[in-house]
Participant: 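Shown below is the structure under consideration.
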2 protein chains.
Amino acid sequence: MTKPTLVDVGKEAGVSAITVSRALRSPEKVSDSLRAKVDAAVRKLGYVPNQSASTLASSETNSIVVMIPSISNNVFTDVLRGIEDALKHTRLTLQIGNTGYDPIEEERVLRSFLNPAPKGVILAGIEQTNETRQMLANVGVPVVQIMDLSDAPIDQIVGFSHEDAAFAAANHLIDKGYCNIGFLGAQMDPRSQKRLAGFRKALQNAGMYDERAVVVTNRPSDVNIGAILFGKLTTQYPECDAVFCNNDDLALGVLFECQRRGIRVPTELGICGFNDLGVTSQCVPTISTVRTPLYDMGAKAGKILVDGGAGAKDRQVDLGFSLEIRNSSLR
Amino acid sequence: MTKPTLVDVGKEAGVSAITVSRALRSPEKVSDSLRAKVDAAVRKLGYVPNQSASTLASSETNSIVVMIPSISNNVFTDVLRGIEDALKHTRLTLQIGNTGYDPIEEERVLRSFLNPAPKGVILAGIEQTNETRQMLANVGVPVVQIMDLSDAPIDQIVGFSHEDAAFAAANHLIDKGYCNIGFLGAQMDPRSQKRLAGFRKALQNAGMYDERAVVVTNRPSDVNIGAILFGKLTTQYPECDAVFCNNDDLALGVLFECQRRGIRVPTELGICGFNDLGVTSQCVPTISTVRTPLYDMGAKAGKILVDGGAGAKDRQVDLGFSLEIRNSSLR
DNA sequence: ATCATTAATGATTGCGCAATCATTTTGCAA
DNA sequence: TTGCAAAATGATTGCGCAATCATTAATGAT
């Protein structure tokens with residue numbers, strides 16, 4: 001009782017194998033009666049096409065490869081939802097690769113996904129190795145980078161300016177009258193570094209920048225880390241009256257730590273987060289944050305690839321960001 | 001400049017194609033000099049095996065298929081991390097399918113992943129359609145169900161008792177002296193129904209059960225829904241003095257709503273969550289919850305499949321749960 | 001040196017499907 | 001009717017690899 005093939009279906013339906021193939025792939029090119037016979041045979045035998053054989057014969061896959069740094073980071077699950085929605089109701093399937101924030105690992109995993117060539121590749125960030133770029137060029141597959149901007153994308157890029165976003169957030173805090181503003185950062189990947197740069201620029205412009213105001217770690221961002229980093233900040237920069245956090249997790253951790261210490265938000269301490277991950281709009285007080293187009297970047301990147309990597313348009317799509325000003329920064 | 005094949009590598013190295021294949025797949029069966037020549041040729045040409053051709057010829061894949069209800073639910077990202085870690089340093093790759101909590105969709109997506117047959121399949125829950133079970137039986141691939149328990153698993157199952165876990169949580173609240181305990185539930189999938197059953201049993205045992213105490217919705221669980229459901233609960237069951245929440249998101253939403261309304265936790269209201277998703281250990285006050293073996297279920301299921309779906313052991317693995325008693329339930 | 005044994009390498013074939021080209025059937029104008 | 005285009009169906013071939021079997025080279029015991 002082996003798996004049925006096109007030949008088996010053909011025998012069952014009394015036609016040739018290639019005709020079955022045609023009936024399944026382009027039903028409109030086949031007579032009604034034949035289509036009915038073939039459909040019946042397919043159902044009776046429970047025929048399912050062999051993906052490998054199909055791919056080998058046609059040298060066409062139906063997969064989109066997405067390389068993301070981490071599955072357990074909410075930032076990327078939002079992006080993935082966008083991609084998934086874009087691929088819904090198409091024949092394309094998603095192949096997810098995990099880079100662990102390491103370009104070398106990205107290269108290794110991606111290489112194994114590149115033969116046979118997928119229909120498209122989505123990469124997070126712009127820090128690919130030269131080898132990776134070379135590989136992708138050789139394969140000639142459409143590539144969309146996401147999460148950042150670049151004047152020299154591999155192919156196309158959909159993102160926003162982390163530096164501008166952080167710059168805007170920091171300026172918002174300055175505008176509200178905070179004058180000793182700290183920066184908390186976890187998972188200091190290149191995009192986080194850009195946020196730090198934007199923050200620094202805003203404070204320098206205002207003549208407020210202080211070295212002690214920056215506390216970062218390379219550990220993954222979570223609520224607990226936020227509290228820990230805030231503890232360090234208050235130690236080394238006691239006059240601190242506001243913090244800009246790299247990620248909403250951290251901001252929430254800061255808020256909780258303030259509650260534990262009896263620090264009033266926003267009067268004694270202003271807080272601004274990043275990414276608008278959901279909880280910040282619900283907690284008490286609500287936390288101001290930067291809404292970043294996570295879902296939309298995924299959806300747009302997916303759409304570009306569904307449309308065949310349309311090269312005509314702009315190579316760089318800036319989806320922007322918006323300040324979500326809530327209570328934690330309004331003193 | 002087409003993609004190099006085994007033949008190309010063979011020419012470059014001055015040997016036959018099949019020898020190259022052997023040198024790559026079983027280096028120990030080949031002379032040192034040959035191995036060196038082949039490796040050099042592979043590197044020079046950038047050869048990458050064609051996965052489809054390999055699979056077709058050997059009728060062996062190197063993929064594990066995981067069907068989960070939703071990517072954007074933290075519960076499943078923890079499970080996925082476990083699976084990923086189990087597969088790390090093996091040749092197996094992960095193919096993730098999204099069911100949207102719909103057994104029919106699960107069947108449809110899984111079918112497309114089943115030819116060629118993967119090395120193993122991981123399914124969330126035990127609500128597969130008969131068709132799905134039939135399909136899996138025909139293909140003969142090892143199956144591990146997760147997230148629940150069952151005396152009649154398709155093959156093997158790794159999980160814990162949702163009913164027992166909720167029963168324990170409810171009893172904890174009863175023990176602490178709460179006597180009008182509500183149940184809040186979102187995403188009322190079959191496992192959530194079991195939690196509700198466990199909750200109901202505990203309250204009935206204590207002679208405390210009240211119909212008005214149960215407020216549920218089928219919408220996905222999030223913090224905001226927690227606040228909304230709690231609002232309904234207080235309306236229809238004003239004497240309520242504790243809530244057990246289906247998921248930590250809801251519990252956090254309840255805590256925030258209490259802060260907004262000035263309800264003191266745990267004195268005026270006790271709260272217990274479910275899943276121990278991380279934030280509950282950090283907020284103020286910390287929220288008691290049921291720690292469920294999310295990561296471990298993934299890791300165990302992955303390990304079983306890496307080991308070839310070892311049939312010798314128990315078909316059912318109960319990984320248990322534990323009460324994480326924190327401040328929100330200690331009045 | 002001879003032969004047996006083992007190690008190392010090669011030739012042929014088929015996996016299941018789709019591209020390509022070939023053939024048969026149908027519809028319909030004259 | 002006849003003829004001919006268009007529609008419908010079929011036969012052959014090869015995608016890139018690994019299974020299988022065949023051959024050659026190396027090793028060592030006598």
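The chains referred to below are lettered A, B, ... by the order of the sequence lines, with proteins before strands, and numbering in each begins at 1.
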Participant: Let me see the working for Gln51(B) and Thr61(B) under side-chain contact (heavy atoms from CB on, under 4.5 Å), right down to the final yes or no.
Facilitator: CA-CA 8 Å; Gln51(B) 196 54 56; Thr61(B) 60; over 6 Å; no
Participant: Counting only heavy atoms and a strict 4.0 angstrom limit, can you tell me which residues of residues 18-28 of chain A come near DNA chain D?
Facilitator: Ile18(A), Thr19(A), Arg22(A)
Participant: Salt bridge between Asp307(A) and Lys303(A), side-chain N to carboxylate O under 4.0 Å?
Facilitator: yes
Participant: The test is side-chain contact (heavy atoms from CB on, under 4.5 Å); show your working for Gln316(B) and Asp151(B) and say whether it passes.
Facilitator: CA-CA 7 Å; Gln316(B) 180 169 232; Asp151(B) 290 333; 3.8 Å; yes
Participant: Base, sugar-phosphate or nothing for Ser31(B)? Non-hydrogen atoms, less than 4.0 Å.
Facilitator: sugar-phosphate
Participant: Quickly work out the Arg35(B) CZ to dA7(C) C1' distance and round it to whole Å.
Facilitator: 13 Å
Participant: Mind listing the residues from residues 44-52 of chain B sitting with a heavy atom below 4.0 Å of DNA chain C? Number order is fine.
Facilitator: none
Participant: Are Lys88(A) and Glu84(A) ion-paired here, with the side-chain N under 4.0 Å from a carboxylate O?
Facilitator: no
Participant: Calculate the interatomic distance between Leu34(A) atom CG and dT24(C) atom P; express it in whole Å.
Facilitator: 18 Å
Participant: Using a strict 4.0 Å threshold on nitrogen-to-oxygen distance, state whether Glu105(A) and Arg108(A) make a salt bridge.
Facilitator: yes
Participant: Check this one for me: any side-chain N or O of Ser16(B) less than 4.0 Å away from OP1 or OP2 of dG10(C)?
Facilitator: yes
Participant: Could you check which residues of residues 5-15 of chain A get a heavy atom under 4.0 Å from DNA chain C? Sort them by number, please.
Facilitator: Thr5(A), Leu6(A)
Participant: Starting at atom CG of Leu56(A), determine the distance to atom P of dG16(C), rounded to an integer number of angstrom.
Facilitator: 12 Å
